[in-house]
Protein chains: 2
Amino acid sequence: MGRVRLQIKKIENRTYRHITFAKRKSGLVKKAYEISTLCDVEVALIIFSPAGKLILFDGKKRLDEILMHFIDLPHHQRAA
Amino acid sequence: MGRVRLQIKKIENRTYRHITFAKRKSGLVKKAYEISTLCDVEVALIIFSPAGKLILFDGKKRLDEILMHFIDLPHHQRAA
DNA sequence: TTCCCTATCTATAATTA
DNA sequence: TTAATTATAGATAGGGA
């Protein structure tokens, strides 16, 4: 979306890559929040920015609870 | 987006909620994949569907590595 | 359910300030 | 480099088969 269609491959220019990251990070967190709210589901989103900074969203339940839920799954159910 | 703007609150009708979940889940996973690829960053997305099924996306690195990265953070850096 | 369709709303790439 | 603006690509709500 935007003026031009982007190929989905690594953006080599560091500046553009960071700009795109900042924009899409916001969009992704927003959508994680929306699906969590609309559909009343547990969602955890963990991102490490290009600078190594953590971006975390956990809706409905805190991340540690979601991870416990994940860990409690029988191993064969962990595959998406 | 779509024919009508939705309020961001729980969709009470179970059927519509599940339909919306299925659509938005696809979109969210796609965008997680795209930011991970375009911006070359670690992303982990964990969702439990309304039926309790796990939806997992982990880009670039596997979830266990991303979680280790998370756990290794000093506690004060864990806040988003 | 489970795809399609498509009108319409959103996200965002490029641009400008 | 961070903040608007704008043009356009993309996502999706409601419907139909």
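Every chain is numbered from 1 and lettered A, B, ... according to where its sequence line falls, protein lines coming before strand lines.
Comparing M1(B) and K23(B) against DNA chain C, the residue whose closest nucleotide sits nearer the 5' end is K23(B). Residues R3(B) and E34(A) each lie close to DNA chain C; by heavy-atom proximity, the contact nearer the 5' end of the strand is made by R3(B). If V4(A) and T15(A) are placed on DNA chain D by their nearest nucleotide, the residue sitting closer to the 5' end is T15(A).
We find that E34(A) and R24(B) are joined by a salt bridge, their nearest charged nitrogen and carboxylate oxygen being less than 4.0 Å apart. Contact check on K60(B) versus E42(B) returns no salt bridge, with no Lys/Arg side-chain nitrogen under 4.0 Å from an Asp/Glu carboxylate oxygen.
Following rounding to the nearest Å, K25(A) (NZ) and dT12(C) (C1') show an atom-to-atom distance of 15 Å. Between the CZ atom of R17(B) and the P atom of dA13(D) there is a distance of 14 Å, rounded to whole Å. Atom P of nucleotide dT1(D) and atom CD1 of I19(A) are separated by 10 Å, given to the nearest angstrom. One can place OH of Y16(B) at 7 Å from P of dG15(D), the figure rounded to the nearest angstrom. One can place NE2 of H18(B) at 16 Å from P of dC3(C), the figure rounded to the nearest angstrom.
Phosphate proximity of dA13(C) to R24(A): present, with a side-chain N or O under 4.0 Å from OP1 or OP2. At dT10(C), one or more side-chain N or O atoms of R5(B) fall inside 4.0 Å of OP1 or OP2 (strictly under the cut-off). OP1 or OP2 of dA13(C) has at least one side-chain nitrogen or oxygen of T20(A) nearer than 4.0 Å. A sub-4.0 Å separation between OP1 or OP2 of dA11(D) and a side-chain N or O of K30(B) is present.
Ring orientation note: the planes of F57(B) and Y33(B) are nearly perpendicular, at an angle over 60° on the 30°/60° scale.
I46(B) and L54(A) fall within a single hydrophobic cluster, where Ile, Leu, Val, Met, Phe, Trp and Tyr are joined by side-chain heavy atoms under 4.5 Å apart, directly or via other members.
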